[in-house]
There are 4 protein chains.
Amino acid sequence: MPRKKTAKPPGSYPAHRERQRRRILDAAWTLFDERGIDRVSMAEITSSSGVQPSTIYQYFANKDEIVWAVIADVMQKASARAQQSLEATPNALARITALLDFMADELVNNSVTVRFMAQFDAMYARHWPAERLITLESQINPGGFNAFRGLICDGIADGSLRHDLDPDLTMHAVINTVIGAQRRLASLGSKVEQEYGQPVDRLFRETIRILLLGLRAPEPPPRRRPRKKPSKVQSRKRTR
Amino acid sequence: MPRKKTAKPPGSYPAHRERQRRRILDAAWTLFDERGIDRVSMAEITSSSGVQPSTIYQYFANKDEIVWAVIADVMQKASARAQQSLEATPNALARITALLDFMADELVNNSVTVRFMAQFDAMYARHWPAERLITLESQINPGGFNAFRGLICDGIADGSLRHDLDPDLTMHAVINTVIGAQRRLASLGSKVEQEYGQPVDRLFRETIRILLLGLRAPEPPPRRRPRKKPSKVQSRKRTR
Amino acid sequence: MPRKKTAKPPGSYPAHRERQRRRILDAAWTLFDERGIDRVSMAEITSSSGVQPSTIYQYFANKDEIVWAVIADVMQKASARAQQSLEATPNALARITALLDFMADELVNNSVTVRFMAQFDAMYARHWPAERLITLESQINPGGFNAFRGLICDGIADGSLRHDLDPDLTMHAVINTVIGAQRRLASLGSKVEQEYGQPVDRLFRETIRILLLGLRAPEPPPRRRPRKKPSKVQSRKRTR
Amino acid sequence: MPRKKTAKPPGSYPAHRERQRRRILDAAWTLFDERGIDRVSMAEITSSSGVQPSTIYQYFANKDEIVWAVIADVMQKASARAQQSLEATPNALARITALLDFMADELVNNSVTVRFMAQFDAMYARHWPAERLITLESQINPGGFNAFRGLICDGIADGSLRHDLDPDLTMHAVINTVIGAQRRLASLGSKVEQEYGQPVDRLFRETIRILLLGLRAPEPPPRRRPRKKPSKVQSRKRTR
DNA sequence: AATGAATGAGACTTCATTCAT
DNA sequence: GATGAATGAAGTCTCATTCAT
């Protein structure tokens, strides 16, 4: 019964179509995040987007297609943000750092996005043909992670990274780890703070720090350094 | 509401109940892994367990309770395995290493368990009161990760770990990271190999290696005090 | 909202189940005939049978299964009637005649049944595995048409049927023809009378007469005057 | 681009309309046969014909009209074929035989057509005003089956057919029977061969043979009066 | 004349759960 | 304690058709 035309389409047909598509996708994304992908029904997308169910089916063949479209959308935007954050970064280590920092920023500023991707992974990744995922990623991120691989090679070459690293292995291990950590933190959301007693991004940045330390070439000239807080260590054995 | 647990002779009532419960839980777990938690219906649990739906409701109040029971079950077993693997490990670093190795082994040998927990996180964690999760964890793993925290303190104290680590922060960061990586790898399953070209656990073990390198105290060319076990860790040993 | 329990089930569970099944089937059959198989919706079966849609699905897996059950039902009853009408018929020709007469009677007295089977043929026969149809028929009519084939053999042997008949071919040709004619007449229903100006069964009985004349052995001894119908076949001409 | 209507030169408007109409009808017919009339949706006709649904509605008021148009089309063509096959057939029996042979040929060469008509009968005949069907037939086949009736009269007159036949009754009975058998065989398609173990048209031709035997005058051993068999040919060509 | 967009009504089916035995 | 039967609510999706351009 909601037969209200909210906005007159002033533009051409394709423009109108794109606008409708957006409406559906935006509504879907919001709902997916609020309730979880599996807890959202087409009826909710209908009433939330203002597009009739039968109309939605002229834009997407079924609910799963909406999920995929949302994922593509979300990843594309994230990729654009990543691209931007890497611009004008000169050397290898700086770029790697920038990339990881970017992921931390995403966790803070776009936790919805990260959370959604986490859910998508958990719910869809295994039950869908791998090709589709790979295709999606290659469309969005054409160079793939090769750029990152290049960075590691550069880093090894210029001595800023450990020379015993296998670029391919390292790249995939690190990326997977960082994504895993990021998504887990996003999934748990505020629970992390209750459980871990730390703000989400603090944990994540510490992860990054440790990983970078692990990647970094060992200090060439062993210098000496006073310890910061040796006493504090054994103070509190158990907090909780 | 279930009976008190007493002696439980094989043919007794409580024993029967326990057997039924197990049947339901086992069937549910298998299905959850095969199809994903949200894609399993009570009817399927019925036909797969051989227990009638109405009977199931005499063991579990609703479907969610089954999910929680399965999770508790699964975590309990995992925890027992962990406990066992940590036994008879002498010092801090060895224990940390053992713990991380344990998680790698889990990934390989109990990927179903890991995957299930990943899915649970993504789908349930946010929609349920945090307390319940925390309660669950504390029941299963009393002491929680504090043991791990203790290890870090020890490591800092004995100089095998970086002294600029904040035990609490580090502990949580590392644990979250490792769990995140582990679950992500388990979720993606064989897709990782297609996409990354590396066996799942190879990636995971490289992650562990890098993390440990990052945690390790920077190599101070053995100065006036020989640490407990400087030789073992730093020797770049490529766990696998 | 029709939440009215029409009859208390006084008997046992199986009895009750059978009664429900009947209710569904009877309602379905009536509707199928009234509106045509394809024009009947589950909702109609629901409201007509008084059984909730979700309940129906505990008796039949889907709509097609209902159709098949109805067909089986209908054929079974028809088969029983046929059996009965053939009882106590002594020789071959008499039995053949009785069988064809039976089909004429069916057309008159059970046109609904015939019509339904005609529709089933037209709509389902081609789109379903042949085995299923054959299985159905063999369940209902175990001897199959072999009995009829035997009759023809007998008839050829005793000289009442043309000796140039191939029992198998003849049997199938005649049966198909008679069924085809019967179902077509039932399908067209009263339209036949409007179009052909003849009562339905009159046409059908004329068909039978001609077929029997065609099957009959040519007059054995060309006697002095070829009467219209000197032999015994003609005795019962069935004008009706 | 719209031109004036003229005499239908190839590029003219009416010609265009006719082409579109054909496209729709051809696509519909193919689909109707493949899937069954009731299982074909307008959307399928659209995608199969390449004509947009809204455009289709400028050629046909609704889906039923398409069905009727297809039937008309199909019958017209069949009728033309029939006409042709009857040409140059001299006498009554020969014409009757030719007609029945024609139906056998149709069954073999145009089983799609026959099958479609069978389906139409089963699904539409009863639910539509009889007049429409009759009108349709009279348009296509003016004179209707009266030609056939004439043949029978001729046959009776010249002694080649049984003289106890009632021309009207016989005509309708035989036509109905033959059509019924033909359509049933076409509907069952290859199932007949599986079930009956005989090629479809073999059965049908046997049916024809038996019917003709039944119609034929009993073999009077050519006695004193050779009927006007040779001469009668030109006697009565058509009764009406 | 042609068509892209829209849509209300309704199709079939599934589900978690309760009730009565 | 176990279970067969029942079910309301909701699920996703399809359909023939109309509207506005």
Side-chain angles (χ1 to χ4, degrees), chain A residues 1-3 5 8-9 12-14 16-17 19-20 38-46 51-66, chain B residues 3 13 16-17 20 38-46 50-66, chain C residues 1-3 5 8-9 12-14 16-17 19-21 38-46 50-64 66, chain D residues 1-3 13 16-17 20 38-46 51-66:
Chain A
M1 312 322 183
R3 296 280 304 99
K5 199 139 208 179
K8 268 291 177 71
S12 62
Y13 269 152
H16 173 64
R17 250 194 109 76
R19 235 174 299 130
Q20 289 280 77
D38 55 314
R39 285 165 148 94
V40 174
S41 72
M42 290 301 279
E44 285 170 311
I45 297 179
T46 286
V51 181
Q52 295 293 112
S54 35
T55 305
I56 291 182
Y57 279 87
Q58 288 194 327
Y59 288 81
F60 301 97
N62 53 44
K63 195 182 157 188
D64 281 330
E65 291 303 311
I66 299 184
Chain B
R3 301 292 177 98
Y13 218 59
H16 172 64
R17 272 195 83 85
Q20 290 276 76
D38 56 314
R39 283 163 147 98
V40 174
S41 72
M42 291 297 274
E44 284 170 312
I45 297 179
T46 284
V51 181
Q52 294 295 109
S54 30
T55 307
I56 292 180
Y57 279 87
Q58 289 187 330
Y59 291 82
F60 301 97
N62 53 43
K63 193 183 161 189
D64 282 328
E65 291 303 314
I66 299 183
Chain C
M1 305 346 181
R3 297 278 305 98
K5 199 140 207 177
K8 266 295 180 66
S12 62
Y13 269 152
H16 173 65
R17 250 194 108 74
R19 234 172 300 128
Q20 290 280 78
R21 208 184 118 93
D38 57 312
R39 285 165 147 97
V40 174
S41 73
M42 290 300 279
E44 285 170 312
I45 297 179
T46 285
V51 181
Q52 295 293 111
S54 35
T55 305
I56 291 182
Y57 279 87
Q58 288 194 327
Y59 289 81
F60 301 98
N62 52 45
K63 195 182 157 188
D64 282 330
I66 299 184
Chain D
M1 45 186 114
R3 301 297 174 105
Y13 218 58
H16 172 65
R17 270 194 86 84
Q20 290 276 75
D38 56 315
R39 283 163 148 98
V40 173
S41 71
M42 290 298 274
E44 286 170 310
I45 297 179
T46 284
V51 182
Q52 294 297 108
S54 29
T55 305
I56 292 180
Y57 279 87
Q58 288 185 331
Y59 290 82
F60 301 97
N62 53 43
K63 194 182 159 189
D64 282 328
E65 291 304 313
I66 298 183

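Residue numbers start from 1 in every chain, and the chains themselves are labelled A, B, ... in the order their sequence lines are given, proteins ahead of strands.
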Practice task
Taking the side chain as every heavy atom from C-beta outward, state whether C:R21 and C:F60 have any atom pair closer than 4.5 Å.
Solution key: yes
Problem - Pairing partner (Watson-Crick or G-U wobble, both distances under 3.5 angstrom) of F:dA20 - result: E:dT3
Handout entry: Rounded distance in Å - CD1 (A:I45) to P (F:dA10)
Key = 17 Å
Handout entry: Nucleotide E:dG4, atom C1' - distance to OH of D:Y57 in whole Å
Key = 16 Å
Exercise for the section: Tell me which of A:M42 and C:Q20 sits closer to the 5' end of DNA chain F, going by the nucleotide each one is nearest to. Expected result: C:Q20
Practice task
Check whether any side-chain nitrogen or oxygen of B:H16 sits under 4.0 Å from OP1 or OP2 of F:dA2, and answer yes or no.
Solution key: yes
Problem - D:T46 vs D:V51 side-chain heavy atoms within contact, under 4.5 Å - result: no
Fill in the blank from the handout: Among F:dT7, E:dT3, E:dT13, the one nearest any side-chain atom of D:S54 is E:dT3
Exercise for the section: Give one of base, sugar-phosphate or nothing for D:Y59, where a contact means two heavy atoms less than 4.0 Å apart. Expected result: sugar-phosphate
Problem - Distance in angstrom units between A:I56 CD1 and E:dG8 P, rounded - result: 13 Å
Exercise for the section: Could you check A:S41 against B:T55 and say which one's nearest nucleotide on DNA chain F is further toward the 5' end? Expected result: B:T55
Practice task
Whole angstrom is fine here: how far is it from CZ in D:R39 over to P in F:dA16?
Solution key: 14 Å
Exercise for the section: Please determine, for the side chain of C:Q52, which listed nucleotide (F:dT17, F:dT7, F:dT3) has the closest atom? Expected result: F:dT7
Exercise for the section: Can you see which heavy atom on C:R17 is nearest to which on C:Q58, and at what distance? Expected result: NH2-O, 2.9 Å
Practice task
Compare side-chain N and O positions of A:R17 against OP1 and OP2 of E:dA5 and report whether any pair is under 4.0 Å apart.
Solution key: yes
Problem - Atom-pair distance (CG on A:N62; P on F:dG11), nearest Å - result: 16 Å
Practice task
Using only heavy-atom distances, decide whether a donor-acceptor pair under 3.5 angstrom links the side-chain of C:Q58 to the base of F:dA5.
Solution key: no
Fill in the blank from the handout: To the nearest angstrom, the CG-P distance between A:D38 and F:dT12 comes to 11 Å
Problem - Between E:dC12 (C1') and C:I66 (CD1): distance, integer Å - result: 11 Å
Problem - Whole-Å distance separating the CG atom of D:D64 from the P atom of F:dC15 - result: 16 Å
Handout entry: Heavy-atom closest contact (C:I56 atom, C:M42 atom, distance)
Key = CG2-CE, 3.8 Å
Practice task
Output the distance between atom CG (D:N62) and atom OH (D:Y57), rounded to the nearest 0.5 Å.
Solution key: 7.0 Å
